[in-house]
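In what follows, a single structure is set out as structure tokens and then discussed.
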2 protein chains.
Amino acid sequence: MVNETQHTCSASSSSKSDGGSSSGSESSKDSSRCSTPVLDADRHERLREKMRRRQDSGDNWFSLEFFPPRTANAAVNLISRFDRMGAGGPLFIDVTWHPAGDPGSDKETSSMIIANTAVNYCGLETILHMTCCNQTKDDITGHLQKAKRLGLKNIMALRGDPVGEEWEEEVDGFNYAVDLVKHIRNEFDDYFDICVAGYPKGHPDAESYEADLRYLKEKVSAGADFIITQLFFRSETFLKFMKDCQAIGITCPIIPGIFPIQGYHSLRQLVKLSKLEVPQEIKDVIEPIKDNDAAIRNYGVELAASMCRELLDSGMVHGLHFYTLNREVATTEVLKRLGIWKEDPRRPLPWAVSAHPKRRVEDVRPIFWASRPKSYIYRTQEWDDFPNGRWGNSSSPAFGELKDYYLFYLKSKSPREELLKMWGEELTGEESVFEVFTCYITGEPNKNGHKVTCMPWNDDPLATETNLLKEQLEKVNRRGILTINSQPNINGKPSTDPIVGWGPSGGYVFQKAYLEFFTSSEIVTALLKVLKKYELRVNYHIVNVKGQNITNAPDLQPNAVTWGIFPGREIIQPTVVDPVSFLSWKDEDFALWIEQWAKLYEEESPSRMIIQYIHDNYYLVNLVDNDFPLENCLWQVVDDTFELLN
Amino acid sequence: MVNETQHTCSASSSSKSDGGSSSGSESSKDSSRCSTPVLDADRHERLREKMRRRQDSGDNWFSLEFFPPRTANAAVNLISRFDRMGAGGPLFIDVTWHPAGDPGSDKETSSMIIANTAVNYCGLETILHMTCCNQTKDDITGHLQKAKRLGLKNIMALRGDPVGEEWEEEVDGFNYAVDLVKHIRNEFDDYFDICVAGYPKGHPDAESYEADLRYLKEKVSAGADFIITQLFFRSETFLKFMKDCQAIGITCPIIPGIFPIQGYHSLRQLVKLSKLEVPQEIKDVIEPIKDNDAAIRNYGVELAASMCRELLDSGMVHGLHFYTLNREVATTEVLKRLGIWKEDPRRPLPWAVSAHPKRRVEDVRPIFWASRPKSYIYRTQEWDDFPNGRWGNSSSPAFGELKDYYLFYLKSKSPREELLKMWGEELTGEESVFEVFTCYITGEPNKNGHKVTCMPWNDDPLATETNLLKEQLEKVNRRGILTINSQPNINGKPSTDPIVGWGPSGGYVFQKAYLEFFTSSEIVTALLKVLKKYELRVNYHIVNVKGQNITNAPDLQPNAVTWGIFPGREIIQPTVVDPVSFLSWKDEDFALWIEQWAKLYEEESPSRMIIQYIHDNYYLVNLVDNDFPLENCLWQVVDDTFELLN
């Protein structure tokens, strides 16, 4: 709706499917005999059902509006923001439609692709805005078909700004948002949830406030499921509007649009474009501090928080929609003050669930992509169905090639200079590579005083769970066992355990110890001798870049390494070590040496040749200790290997 | 082959898929990415592959021949024998073809139906004999199609006895076994494994021993996979025959047919019909003791065992085929002396796997049919595919109606008089029913001095595993909680545990405690109050004969109650409590009161009315304690219930 008057000041919100342990009795019907664990009722509900459920349970919630960024770099940052703000538990986010920015295209900055990324890669319930004026029916239908194909399920239907000063209705064209609502319902039946915009002060182009209300009712009657309002400055404005809506028979949810003032200029610009008037009492405060950004933001947070509190206290409002202007601080602060920012440590599964409807049943993944979930989703996006219950149920579908290592959502967040500082301006040998791995594990600065906060295989610092293994990991990395993935064994911890827990409460989670690393052929030779002693206990897969593969796995059977037992459910085993997909992972894993590390250096430079040497000669190894109730033996395996080498 | 000369002296052998822990690397290719755990390589191998694998590994094995019985009662007994002799681990059994007994019909005593029962209900690898002389191509094809439809995979191709004294070749007809072999290969390609008969002394109708060998070679060239021989009395006879076969280029396995002499008359009759001559040294021993059955049998066992030992010691023989004459003692005794009777307590799954090819992937079943596996197989025989990995994967297939409670393979082995002695000639009230249940649990005789060794819901005495719960079960049955199924909780016992273990070695098995019983509505009312305290911990389903259903299960989700974690495998969860199939089980379960118990008494008799009252008014209850790592709380639930009632 801000969008409907102007574009630069739209804001967004990231939504996350709700924690874990919603009671099964709330699950929707189509899940009842489904093979999925459906730990999370949200996973099968449409947005309007989630909204209704939250409202019925008297639960307050929020949503976040974002606009598409202008550059690819900004897109990478925005997606990190989705992940961070998604952690607070928004019911949904929405992405505005930017007609001037080729919004339906495949560009990494288009509205369509940003919304696609939010749904598929960040697992956020997402509304895609769409404007209709000056567009043909075919264009609109094409956009909607594409949105559906990408897994988007919700559309905010808007008119958009007419081009030029004088606007005239087109016969048979899309002249109003209601035309778009009707079109969506005609062409796509009930597939999409539709949201429309409401104007607490009336739309600036409307003949009157009353006429605008009647128009809003028309949009709802045409098939809209809920309303998000334009911003406003006083809670009374919204509450009056809501009562007026109800008086003329609008019964769907109406969500107030909240705009925390974040700066003098953004406010002025917004007000100008939206033709809203800023109340005198606000102007009086802001004018004297207009050059003090921090002061204005503090005031904005305070103002928004107190208005939100009034809205929630009225008992008429359960959800708040935030125009974030793509910024985090102010909105997060307001939400925290209101107590509705909920960082829920509970996870429905050990990995983040994608929000694409096709992936609803997905509940098994190979462990390899644990630190690169977006890459996994990307490489499996063409699959027709996703494994559930057992990995073996999938008929060995092919993984997509990951040719473009610079796909914007997989790009490293750090610029080249920073990576060089972390990973070494100049490498002097394999030892200096060991040093980088070790610093990443320990969190200690490298010899030039820089902390290593990411690696080609891990965008983020060490996970809390991996931290449990820190001491051992440090020891082995120093000696050239270059670990990229690991998990400790777990023998029946409560599913609510803050570190290793997942799934509904009342359950127990289990893990087999896992260790994955690169290492030299010398170490592999010794390791293989040692592994003979552990033949029945430890499964291994060892492969080099050429695909030479050594394993003791029975056939091509996957090995479940994470599973959970829950009250009244079938067993869930979300993570497996799968020998077949390990070979797809291997390609990606080895390529990251070159694409992310070697290419930081000049061709033919010694540093580059060291990485190239490792890439060409090292092996990728994974080890599973099957005896999960006993003490993890993998460290002993590694110790024995080093001893044999001495 | 005995069959080829006469019918009454054919014998059979029950084969069982091999224990549990065959190493995965032996599994056949088609299992490699299959969703089934394939704990047992045997499960996916054809008979000829199993034979080859056993031979390659230098493993000795045996097989058992049976003939179809004359009466339905004898069929019930024969099938119990299949179960008992199957426990010794035969590689296969075979069932002879009795042309005079309508062998391809649906009669409960036909060769076809007996073989069907062995495969589907007893889980035995089975060869069906088939004779071809005096039959049309269409008849034969019809029989083979039916055999295939029933899941039979192996045919013993025989000529059969010509009708009348003078036999003439029919033009275009089936004149020799080789015609049948060719026909099977023509019409069914490689679907069946084909066995043919060999005659160590030459077929009585053959021109010469040499001519008969050539004829045997023709049968093999036409597509036979292995040979079973007619019986013989000296190991040299067989070893010479085998060498002669090899000399003319017969390379397939040749299995000696062993006939342990079991009595004077059966030997005489056999010899007459097979036109074999009994060696003088045997006659010399037998004639003087011809009226002493026990002495003859002892001699027969000794003779067979020593001949078998010679065969095995020759290094040329790995498998022995026994003509059992449908009797257990002699053959079992020989096998035990040879040390190849292998009662392997290891189980691939907690329940016996059916040998039907369609059911190969099956690895999940509802717990309800634990004591009535044949009924479960019967009621699911029309399913197109079977759940594996998860019960929820099955799209809720319908259970067949079990209208005929006297299906021969489900019939009680005990006659009416015996059942009346166990369950009471006259019941005086519900209490006398409680008494019957209690005596069944304790193994103590009832007040008339009779032990209760079976119940309508359990054909056999209490299982070893249930014995663990004996004390508690006794207590609750005395008070009217009439238990019919239960299991203790198990928190990670080794998969090789002799009582609760199953699956490959090196794994861990788990169970949730389960209790299923009939009880009065008064007790149910109290129980429901008590269960409120255990809301999150205990799942319950309570239903009466009219289908009134009370449950706290989330949706219609199944609850896994038995599962196992194995090296290098996905999780296996072979037993679930499934709310949907519980309602199908309920019908069967309540009907057994009437069909097996009430109908023992006169209509309108007080005894019958007591059972009818229980049938009409009691509830069937199942309870699962989800907290498997803690002490089983179900006994506490029951104690609390009784306390509330006091």
Side-chain angles (χ1 to χ4, degrees), chain A residues 23-29 31-38 364 387-396 491-492 504-508 510 512 536-539 551-560 563 565-573 576-580 624-629, chain B residues 23-29 31-38 364 387-396 491-492 504-508 510 512 536-539 551-560 563 565-573 576-580 624-629:
Chain A
S23 134
S25 57
E26 294 167 352
S27 300
S28 67
K29 273 121 266 135
S31 76
S32 59
R33 290 291 293 176
C34 151
S35 55
T36 323
V38 197
V364 197
N388 60 81
R390 282 217 185 117
W391 179 260
N393 281 341
S394 69
S395 43
S396 194
N491 186 16
S505 55
Y508 294 92
F510 294 80
K512 291 180 180 176
L536 281 170
R537 181 161 177 185
V538 176
N539 279 118
T551 178
N552 69 341
D555 312 312
L556 296 172
Q557 296 271 341
N559 190 353
W563 64 98
I565 317 295
F566 301 96
R569 303 277 177 186
E570 295 194 76
I571 313 293
I572 306 158
Q573 50 151 45
V576 297
V577 168
D578 171 51
V580 176
V624 176
D625 176 5
N626 287 299
D627 251 336
F628 62 95
Chain B
S23 134
S25 57
E26 294 166 352
S27 300
S28 67
K29 275 118 265 137
S31 76
S32 59
R33 290 291 292 175
C34 151
S35 55
T36 324
V38 195
V364 196
N388 60 82
R390 284 220 182 112
W391 179 261
N393 281 340
S394 69
S395 44
S396 196
N491 186 17
S505 56
Y508 295 93
F510 294 80
K512 292 180 179 175
L536 281 170
R537 181 161 176 183
V538 176
N539 279 117
T551 177
N552 69 342
D555 312 311
L556 296 172
Q557 295 272 340
N559 191 354
W563 65 99
I565 317 295
F566 301 96
R569 304 277 177 186
E570 296 194 76
I571 314 291
I572 305 157
Q573 50 149 43
V576 297
V577 168
D578 170 52
V580 176
V624 176
D625 176 5
N626 286 299
D627 251 336
F628 62 95

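Here is the naming used below: chain letters follow the sequence lines, and residue numbers restart at 1 for every chain.
For the atom pair CZ (B:Phe628) and CD1 (A:Ile565), the distance works out to 5.5 Å, reported to the nearest 0.5 Å.
The six-membered or imidazole ring of B:Phe510 lies near that of A:Phe510, with a centre-to-centre distance under 6.0 Å.
Counting heavy-atom pairs closer than 4.5 Å to chain A, the top residue among B:Leu536, B:Asp625, B:Asp627, B:Val624 is B:Asp627. For chain A, the option among B:Gly506, B:Gly507, B:Pro629, B:Gly492 with the highest count of heavy-atom pairs below 4.5 Å is B:Pro629.
In this structure, the portions of B:Ile571 lying under 4.5 Å from any heavy atom of chain A include both its backbone and its side chain. For B:Val576, the part lying under 4.5 angstrom from a heavy atom of chain A is the side chain only.
Smallest separation of non-hydrogen atoms from A:Asn626 and B:Phe566: OD1-O, 4.1 Å.
Of the listed residues (A:Arg390, A:Gln557, A:Gln573), just one forms a side chain to side chain donor-acceptor pair (under 3.5 Å) with B:Glu570, and that residue is A:Gln573.
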